[in-house]
Amino acid sequence: MALSASIDTREPSVRIEPSRASLAPTRARGGSNDAFSFWKLPQDWEAALECEIAESKAIAQHYLFEEYLAREDRRPPSRMQAYYAIKSLIPAAVRHRLNSAAIKMRAKREFPRWPCESALVDYWRDWLRISLHALKMSDAWHIGFWPDGMKSCIVLTHDVESPLGMSRMERMADLEERYNFRSSWNLPLAQYEIDWKLVERLRQRGFEFGAHGLSHDGRFFRSESDFTELAPLLQERAREHGLNGFRAPSTLRRGEWITRLSFDFDCSFSDSDPYEPQPGGTCSVFPFFLAHMVELPYTMPQDHTLIHLLHRSPMEIWAMKAKWIESLGGMILTLVHPDYCGSGNYLDEYENLLKQLNDFQSAWRALPSEVSAWWRCRDRMQLTVRGDFPSIAGPGSDRAVARMLSSEPLVD
Ligand SMILES: [Zn+2]
């Protein structure tokens with residue numbers, strides 16, 4: 001189906017009821033990140049592939065949990081503390097210049113490559129080829145990655161860093177609505193006064209909200225005692241305002257501590273981002289499980305990085321990366337700040353991105369909570385093949401589609 005105009009007139013994306021992972025002590029069950037669970041192959045193959053599956057779990061973990069980094073690089077750098085002590089005294093423009101200079105001085109990392117790192121995608125593909133070969137198969141059914149036969153996924157997210165950003169939200173939301181998108185907005189819950197009436201208005205229009213920690217002061221993951229003190233406060237405020245998703249401020253993170261939080265999903269990791277204060281990346285352009293949470297890594301370069309650190313026009317890199325992820329059937333997850341992109345030329349750039357995404361006809365447009373709910377359901381589904389007829393059982397299976405592996409762009 002071709003689009004005659006750039007505005008999509010289809011109905012909003014079909015909703016999967018988000019698992020209302022409460023912030024209560026009973027936590028949702030997480031799933032597995034091994035290759036068999038990723039591909040969702042016929043269930044009765046599992047026993048025959050036992051060794052391959054066990055090995056794939058360790059290899060996937062190496063990428064997904066950034067285990068290729070030294071342990072001290074999987075936490076906020078200690079030098080950041082000196083920066084945060086004086087951050088509020090430095091005007092934003094000077095701060096951007098200093099950060100940009102610091103990025104240029106930083107030793108270039110070979111891995112993960114930026115903006116596209118295919119190591120994990122290559123691994124999934126190789127594992128499949130070797131496993132099919134071991135089973136003397138050339139092709140097979142699997143459970144499609146996305147519901148309703150969709151071939152890729154688009155998730156739009158924003159972090160709102162200041163009252164200025166907040167004042168620009170409705171305009172950005174209007175723009176997204178014109179292209180029939182809805183997005184998610186993450187708010188720091190103890191940094192500035194939040195206009196909860198505005199939040200409610202946007203919720204009524206189908207937008208979603210998450211917790212962007214408490215403040216961009218570098219404290220949350222600084223030390224065990226800071227975390228122990230601040231986490232209950234964060235959880236309480238998130239519960240009060242019905243926020244089920246989390247993204248760490250400045251993406252400063254400790255994976256093992258994030259899993260102690262009671263959110264439904266987390267968005268603090270990237271697939272590849274060497275430009276954040278804590279560089280790294282999961283190499284994944286698909287969701288995965290972070291203990292009981294679903295991890296939704298942002299997979300598109302941040303506007304802040306492109307504009308303020310690299311001094312590049314965002315659209316060129318956005319267009320290339322979005323196309324790459326779409327060609328793999330993965331999840332395009334944007335992180336754009338209304339503070340930087342909410343007006344003027346940069347808002348035009350963002351509109352250009354929306355136009356491009358609007359042309360991806362077979363992409364599932366979803367909110368983070370919907371992707372999380374889907375990924376949990378898909379993990380629990382079971383595929384059975386009798387003769388040439390696949391059938392899928394489990395929660396949400398009415399929206400799941402069995403597809404031949406050879407029809408998946410990821411396999412090609
Ligand atoms: Zn932020």
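Positions are given from 1 along the sequence. Order of appearance sets the numbers: ligands from 1, and atoms from 1 within every ligand.
Here Arg205 pairs with Asp174 in a salt bridge; the nearest charged N to carboxylate O distance falls below 4.0 Å. Classification of Arg74 and Glu67 as a salt-bridged pair fails, no side-chain N sitting under 4.0 Å from a carboxylate O. With salt bridges taken as basic N to acidic carboxylate O contacts below 4.0 Å, none links Lys151 and Glu326.
Within His216, the N, O or S atom at minimum distance from the Zn ion (ligand 1) carries the name NE2. If you look at His212 and ask which of its N, O or S atoms sits nearest the Zn ion (ligand 1), the answer is NE2.
The aromatic rings of Tyr68 and Tyr63 lie tilted to each other, with the angle between the two planes from 30° to 60°.
Backbone or side-chain N, O or S atoms of Glu161 reach the Zn ion (ligand 1) at under 2.8 Å.
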